[in-house]
Amino acid sequence: MEFEPELVGFLCKWCSSAGADLAGVSRRQYPSNLVPVTVNCSGRVDASFILKAFKDGADGVLVSGCHPGDCHYTSGNYKAWRRVAMVKRALEEFGVNPSRLRLEWVSATEGDKFASVVEEFTGEIRELGPGPFNHD
C-alpha cells in the first residue's frame, strides 16, 4: 500500500481559504490529503501551531496567506514569512527536512493555484515518506 501523507494547512480566511473554496466550486480536482484550518491571517499562525501539527502526526504543514502587499492586516503575511523561515531553521536543527513546511501566497481568485500547490506538496511529502512524529 502506498504511503498517503497527512497534511495540515493553515489558510488565511481572506485569501487562501477563499482560494480553496474557489477550487472546490470550480470542481478542480486535487488530493484530499490536506486538512484546512482557517485562520484570520497567516501572521497569526504561531510557531507552536506548526510544531503541534507535526507532533500530532502531520507529515507536512502548509501555511498560506495573501500575497505580499495585499494583507488585510497590512503586514501579517510578512510576519508569517519570517516565522516560517524561523521554524524551518528549527526543524533542520532537529534533523527534520525543512521541506515538510511550506509557505505559499494564494489569493481568493487563485483556485487553480491552490489546487496545484496541494497537488505538488502532497507529491513532495509522499516522496519524503512519513513525518518524523508519525504515530503509525
Side-chain angles (χ1 to χ4, degrees):
M1 183 173 181
E2 187 177 355
F3 163 69
E4 276 304 317
E6 293 182 21
L7 309 175
V8 173
F10 295 103
L11 312 178
C12 155
K13 85 173 191 175
W14 300 103
C15 288
S16 301
S17 186
D21 289 346
L22 179 60
V25 298
S26 300
R27 300 191 189 282
R28 175 67 158 76
Q29 296 289 314
Y30 61 93
S32 61
N33 301 64
L34 184 87
V35 175
V37 178
T38 301
V39 295
N40 276 340
C41 176
S42 60
R44 299 294 301 207
V45 178
D46 192 76
S48 65
F49 300 173
I50 297 167
L51 296 174
K52 182 164 178 17
F54 281 120
K55 178 187 150 298
D56 289 348
D59 301 303
V61 176
L62 171 69
V63 177
S64 187
C66 305
H67 287 271
D70 288 339
C71 179
H72 284 69
Y73 300 102
T74 311
S75 61
N77 46 13
Y78 293 108
K79 289 177 186 172
W81 198 347
R82 288 189 302 271
R83 195 166 288 140
V84 166
M86 178 203 56
V87 174
K88 279 180 170 259
R89 285 192 301 275
L91 289 173
E92 201 164 24
E93 288 291 320
F94 288 110
V96 177
N97 188 327
S99 298
R100 291 185 179 280
L101 173 58
R102 184 166 176 167
L103 175 66
E104 283 287 340
W105 311 125
V106 177
S107 79
T109 62
E110 294 179 312
D112 281 342
K113 179 178 181 182
F114 179 82
S116 294
V117 165
V118 173
E119 192 171 346
E120 185 179 294
F121 192 44
T122 300
E124 289 170 3
I125 299 301
R126 190 177 288 127
E127 281 184 27
L128 290 174
F133 306 106
N134 197 297
H135 301 288
D136 289 343

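Positions are given from 1 along the sequence. Computed from a predicted model, the values in this text were never measured in an experiment.
- H67 and E110 share a donor-acceptor pair across their side chains, judged by distance under 3.5 Å alone.
- Two residues are said to be in side-chain contact when any heavy atoms from C-beta on lie closer than 4.5 Å; E2 and R126 meet this criterion.
- With sequence neighbours excluded, the residues satisfying side-chain contact (heavy atoms from CB on, under 4.5 Å) with T38 are K13, S17.
- Once rounded to the nearest 0.5 Å, the distance linking CD1 of I50 with OG of S48 reads 8.5 Å.
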Just list the side-chain donor-acceptor pairs under 3.5 Å for residues 20-27, sequence neighbours left out, or say none.
{"unit_1": "S26", "atom_1": "OG", "unit_2": "L22", "atom_2": "O", "d": "2.7"}

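- Annotation: side-chain contact (heavy atoms from CB on, under 4.5 Å) contacts of K52 (sequence neighbours excluded): D56.
- For the atom pair CG of N77 and OG of S42, the computed distance is 5.0 Å after rounding to the nearest 0.5 Å.
- The CZ atom of R83 sits 15.5 Å away from the OH atom of Y78 when rounded to the nearest 0.5 Å.
- Closest of all the heavy-atom pairs between C66 and C12 is SG-SG, 3.6 Å.
- Two residues are said to be in side-chain contact when any heavy atoms from C-beta on lie closer than 4.5 Å; E119 and Q29 fail this criterion.
- With no hydrogens or angles considered, no side-chain donor-acceptor pair links E6 and N33 at under 3.5 Å.
- Under the 3.5 Å distance criterion, the side-chain polar atoms of S64 are matched with a main-chain donor or acceptor of E104.
- Under the side-chain hydrogen bond (donor to acceptor under 3.5 Å, both in side chains) criterion, E120 pairs with R102, sequence neighbours left out.
- Remark: E92 engages P98 in a side-chain contact (heavy atoms from CB on, under 4.5 Å) (not counting sequence neighbours).
- Residues satisfying the side-chain hydrogen bond (donor to acceptor under 3.5 Å, both in side chains) criterion with N97, sequence neighbours excluded, are S99.
- Using a 4.5 Å heavy-atom threshold, the side chains of F3 and D59 count as touching.
- Taking each heavy atom of G65 and S16 in turn, the nearest pair found is N-OG, 3.1 Å.
- Residues that satisfy the side-chain hydrogen bond (donor to acceptor under 3.5 Å, both in side chains) test with H72, not counting sequence neighbours, are absent from this structure.
- Nearest approach of A47 to M86, heavy atoms of both residues: CB-CE, 3.8 Å.
- W14 belongs to a hydrophobic cluster whose remaining members, ordered by chain and number, are Y73; membership requires side-chain heavy atoms of ILVMFWY residues under 4.5 Å apart, directly or through intermediates.
- Through chains of ILVMFWY side-chain contacts below 4.5 Å, V118 is grouped with L7, L11, Y30, L34, L62, V106, F114, V117, F121, I125, L128.
- Shown here are the side-chain contact (heavy atoms from CB on, under 4.5 Å) partners of L91, two or more places apart in sequence or in another chain: L51, F54, V87, V96, L101.
- Among residues two or more places apart in sequence or in another chain, the salt bridge (Lys or Arg N to Asp or Glu O under 4.0 Å) test is passed with R44 by none.
- Applying the side-chain hydrogen bond (donor to acceptor under 3.5 Å, both in side chains) test to D112 and every residue at least two apart in sequence or in another chain returns R28.
- In this structure a side-chain-to-backbone donor-acceptor pair under 3.5 Å is present from K113 to W105.
- Note on F10 and F133: same hydrophobic cluster, where clusters join Ile, Leu, Val, Met, Phe, Trp and Tyr whose side-chain heavy atoms are under 4.5 Å apart, directly or indirectly.
- Of all the heavy atoms in C41 and G76, the pair that sits closest is SG-CA, 3.6 Å.
- To the nearest 0.5 Å, atom OG1 of residue T122 and atom CD of residue E127 are 12.0 Å apart.
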